[in-house]
There are 2 protein chains.
Amino acid sequence: MSIFSRISINSDNFMASAVGEHGIREEDLIAQGDRLDGLRERLRIWRDGKEPSFLGLPFQTDLDEIKTLGNRMLKRFTRFIVFGIGGSSLGGNMLVQTLGRRNDRRRVRFYDNVDPITLESLDRIDWNETLLIVISKSGNTAETIAQFLTVLPRMERELGAQCVHEHVLVITEEPKGALQQIAERLEIPVIPHPAVGGRYVVLSAVGLLPAYLAGVDIDGVMEGARAMADRCCQKDIRENPGLWQGAAQYLLAENGKTISQWMPYSDHLTLVVDWYRQLWAESLGKHDPQGRERGLTPVSAKGVTDQHSQLQLFLDGPSDKQFTFLTSPDLLTAGERIPTRFADLPAVKPLVGHTTGELFGAEFLGTRETLSRRGRPNRTLSLLQGDAFAIGELIILLEVETVVVAELMGIDAFDQPAVEESKVLTRKYLDEMKTIRGL
Amino acid sequence: MSIFSRISINSDNFMASAVGEHGIREEDLIAQGDRLDGLRERLRIWRDGKEPSFLGLPFQTDLDEIKTLGNRMLKRFTRFIVFGIGGSSLGGNMLVQTLGRRNDRRRVRFYDNVDPITLESLDRIDWNETLLIVISKSGNTAETIAQFLTVLPRMERELGAQCVHEHVLVITEEPKGALQQIAERLEIPVIPHPAVGGRYVVLSAVGLLPAYLAGVDIDGVMEGARAMADRCCQKDIRENPGLWQGAAQYLLAENGKTISQWMPYSDHLTLVVDWYRQLWAESLGKHDPQGRERGLTPVSAKGVTDQHSQLQLFLDGPSDKQFTFLTSPDLLTAGERIPTRFADLPAVKPLVGHTTGELFGAEFLGTRETLSRRGRPNRTLSLLQGDAFAIGELIILLEVETVVVAELMGIDAFDQPAVEESKVLTRKYLDEMKTIRGL
């Protein structure tokens with residue numbers, strides 16, 4: 001069993017020994033291990049592929065198939081558009097932005113909304129050069145269908161109706177879903193969406209095909225994911241980062257830290273948080289068996305920018321937050337050096353001779369220490385920029401943490417029972433649209 | 001006194017009559033009016049310019065000066081870069097993105113971080129074509145100085161040292177600040193930063209000059225701002241939207257709704273929330289006179305996208321949120337019409353004949369009604385896309401609301417006492433950088 005890792009996880013500042021009364025005690029954390037026996041058993045079953053699950057994906061997804069298809073598409077097209085929303089876009093977009101090669105990631109673009117003004121930019125697409133990937137697990141997602149059906153007439157005009165199917169790929173699961181039906185009628189190839197919930201599905205074609213098209217090392221991602229999946233099956237909670245980190249966040253939430261405040265110090269890593277927000281919010285925000293409203297609110301800030309926007313609240317506001325920093329040590333050695341020229345000025349002197357990367361790192365360390373001194377529990381996840389292996393580890397770590405918190409709260413991490421009502425009401429309002437004049 | 005308005009404010013769903021126990025009662029709201037007598041007096045003093053303040057800016061800022069300068073720069077340059085962080089960039093960036101003309105807003109770019117990888121893109125700037133605007137109220141902001149001083153040698157190489165001053169504008173207040181000193185030595189023109197806190201300063205050259213360079217109708221913005229400033233000086237709390245909306249949010253916070261969850265339904269309006277987050281977090285997140293930790297956490301989501309990410313939590317999670325929707329009724333009539341072609345499929349049928357804009361609107365109405373049915377207090381701010389007058393109103397409304405909540409909490413809306421410690425620690429870590437090998 002591999003214990004090799006390229007991600008550093010430091011949760012010392014979650015502990016009472018570091019941050020006082022707002023932190024947690026090691027013995028309480030270890031005690032959660034017993035409550036997780038059942039889940040640990042299920043994690044092994046999932047990893048070993050005995051039941052379909054997110055934890056089996058790193059072992060089961062056929063990368064050769066994705067690469068063969070991807071290479072074919074890369075030969076034929078220079079632009080790639082993804083229509084999808086929620087789990088159908090967040091994971092792929094994260095991989096493209098964090099790991100895509102600079103010039104390659106630009107050629108993959110995600111449309112995850114139906115704002116009609118934003119959709120106008122679809123008018124300017126040269127469809128001869130473009131592949132469209134339409135993703136919906138159910139095949140019935142209203143937004144995705146609307147995007148696809150409104151763009152279809154234009155594609156047919158530009159390409160000829162008989163050629164459209166060469167410019168579209170569909171990823172869907174449900175054979176009776178509208179997307180599958182439309183694909184069959186138009187002879188569009190369909191890639192099966194695995195039987196895994198949308199927010200846990202990034203390590204399948206859903207996330208990996210767009211990633212591969214942007215030059216992402218998907219082998220590296222999957223190696224890292226497998227390594228972390230193995231670590232998260234370890235028996236001893238002290239050796240198992242998923243159990244340890246999940247239980248720690250659960251205990252902090254029980255102690256009133258119900259906002260999970262993320263603060264990536266790395267512009268490239270901000271989309272990790274966008275992906276994580278769905279995972280965390282949809283999995284944990286629901287009623288427990290006693291009918292209590294549970295859930296932690298995931299919030300994104302950005303270092304250093306939001307030191308000048310949110311830090312005052314983080315330091316002096318209510319102690320309702322637990323913090324996760326996400327950063328890259330190699331940023332320390334990057335950047336231009338600040339010249340000595342104005343060193344006589346008091347505000348310039350401390351900066352002189354340092355790189356912008358060193359300033360970036362010092363700001364992070366200063367912010368983290370200030371938060372810790374004020375008793376604000378925080379942890380740091382640290383990985384090299386563009387390290388596919390580490391991102392693979394991070395994905396599995398955060399997924400397992402989520403499942404662990406759900407288990408300890410006594411809720412189902414894999415359903416989303418509340419959103420159906422909103423979909424019914426959307427249809428009702430669509431029916432009434434003719435009589436609606438304003439918002 | 002003008003009562004003309006182009007922004008619709010609907011807070012019916014804040015009320016107990018609409019959302020039950022989690023809402024507030026009109027009589028409690030009206031009763032807050034008496035507690036706000038002192039503030040109302042100050043609001044008038046501020047508006048009338050008897051003390052320097054954000055509320056005087058719409059009446060005092062010299063637009064002709066900004067336009068004359070802007071026109072000169074537009075003749076000479078095709079690209080504009082702004083260095084600034086926090087209040088020095090968020091307001092300007094909001095105006096550029098919400099009101100800039102499509103092709104014009106691309107020529108203004110804000111750098112609000114010192115991530116060294118992001119800063120690499122500065123290498124590709126053609127300085128012959130570019131004006132740099134450097135903004136810092138104190139003139140001592142480490143990040144902004146670092147950006148400026150690392151870019152300066154490249155500018156001198158490209159332009160010749162004697163020409164750099166023609167390509168830079170500085171906006172700063174403090175005569176002893178480093179930025180003022182550097183500007184004087186390099187003969188760079190300085191525009192005074194008004195004596196108003198950075199997060200309240202958007203309606204001065206700080207926000208309006210970048211906006212004007214992106215084609216924003218800054219006259220319209222200021223007209224709207226003046227109209228709302230007048231409304232927010234009304235005596236009767238029922239006629240005064242700043243007092244009414246601020247007091248309502250305060251009462252909701254007292255009732256446990258301490259997360260201010262924004263959900264713009266309009267991609268163009270998302271940056272309004274980024275600007276608002278600083279205003280709200282830095283103004284309200286602090287100790288009250290009794291030493292209690294106060295503050296509401298501002299959080300941004302995006303409609304409809306985050307219906308597929310956060311809505312489950314909003315509906316079934318803890319009742320710790322109050323919601324603000326921000327939308328544009330004209331989106332309803334925009335967008336392509338969904339063709340009838342696959343109307344036999346059950347998931348397509350309800351969509352057929354509707355535009356993507358109608359779907360967008362129906363999703364918003366469905367989400368709002370679902371939240372209301374679950375007793376989640378919410379309000380809707382509605383304005384036409386690209387309406388400068390309405391954005392001016394919105395800016396003043398949100399600023400006054402913030403000040404009202406601070407007054408009712410008994411805290412100072414204009415300081416940020418906690419962030420100094422983090423700056424001291426940043427300098428300490430910079431000194432130690434040679435010994436730091438990782439993060």
Side-chain angles (χ1 to χ4, degrees), chain A residues 85-86 112-116 118 140 146 149-150 178 181 267 278 281-282 285-286 293 295 299 305 308-313 315-318 327 329 334-336 338 345 347-348 350 356-360 362-363 365-367 369-370 382 416 418-419 421-422 425-427 429-430 433 438-439, chain B residues 85-86 112-116 118 140 146 149-150 178 181 267 278 281-282 285-286 293 295 299 305 308-313 315-318 327 329 334-336 338 345 347-348 350 356-360 362-363 365-367 369-370 382 416 418-419 421-422 425-427 429-430 433 438-439:
Chain A
I85 193 163
D112 65 352
N113 204 355
V114 283
D115 180 318
T118 305
N140 292 328
L149 293 185
T150 49
Q181 299 298 317
D267 290 345
Q278 183 199 15
E282 271 192 359
K286 58 193 70 162
E293 296 168 332
V299 184
T305 308
H308 296 261
S309 166
Q310 306 298 299
L311 187 59
Q312 169 67 36
L313 172 71
L315 293 172
D316 272 1
T327 190
E336 299 269 334
I338 296 157
L345 299 170
V348 177
T356 51
E358 289 172 0
L359 175 61
F360 198 62
E363 300 255 15
L365 293 169
T367 298
E369 183 169 334
T370 317
S382 183
Q416 53 282 334
V419 294
E421 183 179 358
S422 154
L425 285 171
T426 295
R427 285 193 288 273
Y429 280 113
L430 264 182
M433 254 312 143
L439 296 175
Chain B
I85 192 163
D112 65 353
N113 204 354
V114 282
D115 180 318
T118 305
N140 292 329
L149 293 186
T150 49
Q181 298 298 315
D267 291 345
Q278 184 200 14
E282 272 192 358
K286 58 194 70 161
E293 295 168 334
V299 184
T305 308
H308 295 261
S309 165
Q310 306 297 299
L311 186 58
Q312 168 66 36
L313 171 70
L315 292 172
D316 272 1
T327 191
E336 299 271 334
I338 296 158
L345 300 170
V348 177
T356 51
E358 289 173 359
L359 175 61
F360 198 62
E363 299 255 14
L365 293 169
T367 298
E369 184 170 332
T370 316
S382 182
Q416 53 283 334
V419 294
E421 183 179 358
S422 152
L425 285 172
T426 295
R427 284 193 289 274
Y429 279 113
L430 265 182
M433 254 314 145
L439 298 174

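Below, chain A is the first sequence line, B the second, and so on; all start at residue 1.
Rounding to the nearest 0.5 angstrom, the gap separating the OG atom in A:Ser309 from the CD atom in B:Gln416 is 11.5 Å. In this structure, CD on B:Glu282 lies 8.5 Å from CG on A:Leu311, to the nearest 0.5 angstrom. A distance of 10.0 Å separates OG in A:Ser422 from CD in B:Glu369, rounded to the nearest 0.5 Å.
No donor-acceptor distance shorter than 3.5 angstrom exists from the side chain of A:Asp267 to the backbone of B:Asp115, with no hydrogens or angles considered. Without hydrogens or angle criteria, A:Gln312 side chain to B:Gly285 main chain gives a donor-acceptor distance under 3.5 Å.
Your options are A:Gly86, A:Ala347, A:Gly317, and the one with the most heavy-atom pairs under 4.5 Å with chain B is A:Gly317. Interface summary for chain A: among B:Val419, B:Ile85, B:Leu315, the most heavy-atom pairs under 4.5 angstrom belong to B:Ile85. Interface summary for chain B: among A:Ser382, A:Ala362, A:Ala146, the most heavy-atom pairs under 4.5 angstrom belong to A:Ala362. Contact tally against chain B (heavy-atom pairs below 4.5 Å) for A:Thr356, A:Thr327, A:Val299: the top residue is A:Thr356. With chain B as the partner, the residue from A:Thr305, A:Asn140, A:Ile338 showing the most heavy-atom pairs under 4.5 Å is A:Thr305. Note on A:Ala178, A:Gly295, A:Ala281, A:Gly357: by heavy-atom pairs under 4.5 Å with chain B, the leading option is A:Ala281. Of the residues considered (A:Gln278, A:Glu358, A:Glu336), A:Gln278 shows the highest number of contacts with chain B, using heavy-atom pairs under 4.5 Å. Considering only heavy-atom pairs separated by less than 4.5 Å from chain A, the leading option among B:Ala334, B:Gly335, B:Pro350, B:Ala418 is B:Ala418.
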Worked check of side chain to side chain contact (heavy atoms under 4.5 Å, CB included) between B:Leu365 and A:Met433
CA-CA 10 Å; B:Leu365 293 169; A:Met433 254 312 143; 4.3 Å; yes
Apply side chain to side chain contact (heavy atoms under 4.5 Å, CB included) to the pair A:Leu359 and B:Thr426, showing each step before the final yes or no.
CA-CA 8 Å; A:Leu359 175 61; B:Thr426 295; 4.3 Å; yes
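B:Glu293 pairs by the salt bridge (Lys or Arg N to Asp or Glu O under 4.0 Å) definition with A:Arg376, not counting sequence neighbours.
Both the backbone and the side chain of B:Thr150 come within contact range of chain A, each with at least one heavy atom under 4.5 Å from a heavy atom of that chain. Proximity to chain B involves both the backbone and the side chain of A:Thr367, based on heavy atoms less than 4.5 angstrom apart. Using a 4.5 Å cut-off between heavy atoms, B:Leu345 touches chain A through its side chain atoms alone.
When every heavy atom of B:Asn113 is checked against every heavy atom of A:Phe360, the shortest pair comes out as OD1-CE1, 3.4 Å. Residue A:Asp316 comes nearest to B:Lys286 through the heavy atom pair CB-CA, 3.6 Å, listed as atom of the first residue, atom of the second, then distance.
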